[in-house]
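In what follows, chains carry the letters A, B, and so on, assigned in the order in which the sequence lines appear, proteins first and then strands, with residues in each chain numbered from 1. As the structure is a computational prediction, the values presented were derived from the model and not from experiment. Values below: every heavy atom of this structure, side chains too, minus hydrogens, waters and symmetry copies.
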Amino acid sequence: MAKLAARLIKWFKLGSGSTVPGRVALAIRPTLLSEWFADQCPKNVIAITGTNGKTTTAGLLAAMLEAHGLTVVHNTLGANMRNGIASALVMATGKMGKLKNIDAMVLEVDEASLRHVAKELPIRDVVVTNLFRDQLDRYGELDTTAQFIAEGVAECDPEGARYCNIQDDTIRGMMTTLAAQQPKSRFMGLAMGDNGQADIHPDDIPAPEKPLPTLLQTVPCRFEQPAWERPIRPLKLNGQTVPVAQLYVTNSEPDRTLGRLSHPSLVQPSNITIPLAGKFNGCNALAALAVALDWGVPLQTALAAMDNYAGVFGRSETLTVQGKTVKVFLIKNPVGATEVFRTVAADPTAHVLLGLNDNDADGRDVSWIWDAAFEWLVDIPAFTCTGKRAADLAVRLKYAGVGADSIAVVEDVEGGLTSALVSMPPDGTLYVLPSYTALLRLQQVWAK
Amino acid sequence: MTSSLPTIRIGHLYPELMNLYGDRGNILALVQRCQWRGIPVTVTDISIGDTLDPNTVDLLFMGGGQDAQQHLVCDDLIHTKADALHKAAEAKTPILGVCGGYQLFGHTFDPIGGERIPGIGLLDCHTVGGEQRLIGNVVIERANKQTLVGFENHSGQTFLGDNARPLGQVITGHGNNGQSGDEGAVSGTVYGTYLHGALLPKNPAFADELLTLALHHAANGDTDLTLPPLCDKTEYAAHQRAQQLPA
C-alpha cells in the first residue's frame, strides 16, 4: 500500500491545477487520506469552515504560522472539498510520498465536506466563521448547512479547540449542542464590535458611514445582519462562560480596519491595524489571530505576517491591469456582497465590473442578487456586467436605480474586462466583483 | 395625466420570515415600476400578530421560507389573516404567493415524515412532500402565450383541484410536481407559483398584469385605467437569455 501510494503521489505531483492531483489520486486509491496521510499528520491540524471568509482566514492563519517559523500545509486556491484537500497533501510530500516535516495543517473545508474529511484526517481544532445563506440550491437550506457543520465537528478530536462566531445565533445553538456531545473540547468565542457588555470600553466613536440609499429604506434588505452588527452576548457552555477573542472596530476605512484586539492570552487589549479592504475582513483577521495567539505566535509576528499578506486568491486584492488600478472582491452571497458594495461606494474613483456565472461552483440559482443591496452602488458612474448571467446583473442594477445608459453588458469575461478598463478614466479604480468561476476566468485573462 | 392615478398600496406578508430566494426582488420590481410611471406606491409589512384589513391593500405578496418558518407562519396565517385574505380575493385584489407562500395558499401541505401543515384554501390545490428536491431553471408558457422564466427549488409537489387553473405549462424544468406538466395555480386574482429568481423583474408583463389589477382595486374598481408604458429592453434581454438556460 505504502509503495503504491508513494508512486501514485510522485506521479500526480507532476500534474497541476488545484484539485486534479487529489481527484486522480483518490480515484485510484479512495482511502488515500485515512490510510496514508492520517498517520503522518502533525498534532496541529485545524479546519476552517463556514459560508464566508474561509479562504482569507485560512490564508492569514497559514501566513502567521509560517512567519513564526512553522512549516504549514495549507490548501490554497479555495479548493476546499475532499479532492482539493487531498491535492494539497499530495503536493506537500517528498520522496516516498511522505509528508515532509510538517508542523501544522491549516485546512479550509467546505461546510458539507467537513463531515467526510474529519472522518479521514485527524482534525483537532475547528474555526466556524459565519453561516449565511449561500448556494441554497446546493445544500437546500441554512439549517441543513448548520447540521452538516455540526456533524463534521462531531467527527473531530473531542478534546480539540472550537473557535466560533458567537454573534451568529445558529452557531451559538450549534456550540451548545457540541459542548454537550464533546464536553472536553475547548471553546472560544469570536466577536466584533461592542455593545457595552464586552471587556473593552473605547472612547472613540466609529466613523459615520454613508447614509442609507432611499430605495433601501422603502424596500429594506432583510437578510441576516452581518454578524458584527449583532449584539455580543456572553455564552455559557457546560456551566462555564466561554472566553471571547474580540475586535472592537474604532475606524473602518475602505482599505483597512483599525481596532482593538482582546484575547485571553493578552494581558491588555492591543491596538491593531488590519490592512485588508472591507470590514468583513476584520472577522477573518480576528479568527486567524485568535488561533495564532493560542498556538503561541507572538502578536507582533502575527500582525507583521498580516501586513505581508497580499490577499489570498484574489478574494480581496489590488492589481495593476493594463496600467490601471484594479481591486478584486469575490461576491457570492447577499451579506458578503452588500459589505463589498458599501466598501466600493465609499470610493469616489470607483468604476465597477460585475461578473456572474451560474456554474455549480457559483451556485446555479442567482436569485440571491436580489437580496444583496446593490442600491449602495447607485452613485457609481459606470458599470460593466459580464459572465453567463450578465443580463441578470443589468436588470438588478436597473431596479437598484442605476440608469440603463450607465450599464454595459458584455457576456464574455475577457471582453467585459477590456471594455470596463477602456471606458474608465486613467485615475479611476476598477472594482472587479465576480462570482467564483468568473474570478477563475478573470485570473486566466490577467495572467496572460 | 399620471398624477391622477391613485396610490398603489402593497402589503408584504411576513417579509422577515418568508424571504428565502430573493423575494425582495418582487417587491422592488413592483415599487420601481410604479415609481418610474409616477404612480405613488407604499409598502406595508404585515407580519406575525398584525391584523390585515383587506380595504387597506391593493396588492398582496408572500414569499417562501424554510420549513421551520413555514410552521410559524401557517399558524398566524390561519388565525389572523385567512378571513381577510379571502375577502381581499373576493374584492379582486391581486395576491401572489411564491414557493412556500404558494403552498400555504393551498389546502394542505404534507411534508415527508412531518406533521400536516394546513393552508388557507385560497387556491384549490394541495402539496405533498417529495423524496427529491426539484431544483433548476424553469420556463413556462401561459394560455396567452406569454412566457415566464425563473428558478425553482422545492421538495413539495403540488396538485391542482378543479377550481384552479395552472399558471402555465412547463417548457423547461419540473413545475408543480414534475409529472403533470403544469406550473403554478391561478384562481380569480390569486396566483401561486414556484418560480423565483426573482420572478417579477425578469417577467415585466406579468408584473404589470398584477399592477393593473392593483390599480383597478385602488381606483375602486375603475377598470378603464391603464398603466403608462415603460421601456423593458433590459428586462427582456435577461428574459430571453433565461429561456436558453438548461434546466
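Remark: E209(B) engages R142(B), Y191(B) in a side-chain hydrogen bond (donor to acceptor under 3.5 Å, both in side chains) (not counting sequence neighbours). Scanning for ring-ring contact (aromatic ring centres under 6.0 Å, His included) contacts around H126(B) gives F159(B), with sequence neighbours left out.
Ranked by heavy-atom pairs shorter than 4.5 Å toward chain A, the options D45(B), V43(B), L28(B) are led by L28(B). Chain A forms more heavy-atom pairs under 4.5 Å with one residue of P201(B), A198(B), G150(B), C231(B) than with any other, namely P201(B).
Within the 3.5 Å criterion, the main-chain N or O of N52(A) finds a donor-acceptor partner in the side chain of T129(A).
Within the 4.5 angstrom heavy-atom criterion, no atom of N26(B) approaches chain A. Interface remark: A400(A) contributes backbone atoms only to the contact with chain B (heavy atom separation under 4.5 Å). Residue L199(B) does not touch chain A at all, counting heavy-atom pairs closer than 4.5 Å. When heavy atoms are compared at a cutoff of 4.5 Å, R241(B) approaches chain A solely by way of its side chain, counted from C-beta outward.
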Verdict with supporting geometry, E151(A) and Q147(A), side chain to side chain donor-acceptor pair (under 3.5 Å): CA-CA 6 Å; E151(A) 286 170 21; Q147(A) 183 57 35; 3.3 Å; yes

For the pair F151(B) and Y21(B), evaluate ring pair (Phe, Tyr, Trp, His ring centres under 6.0 Å) and give the outcome as yes or no after the intermediate values. CA-CA 9 Å; F151(B) 196 94; Y21(B) 298 115; 8.1 Å; no

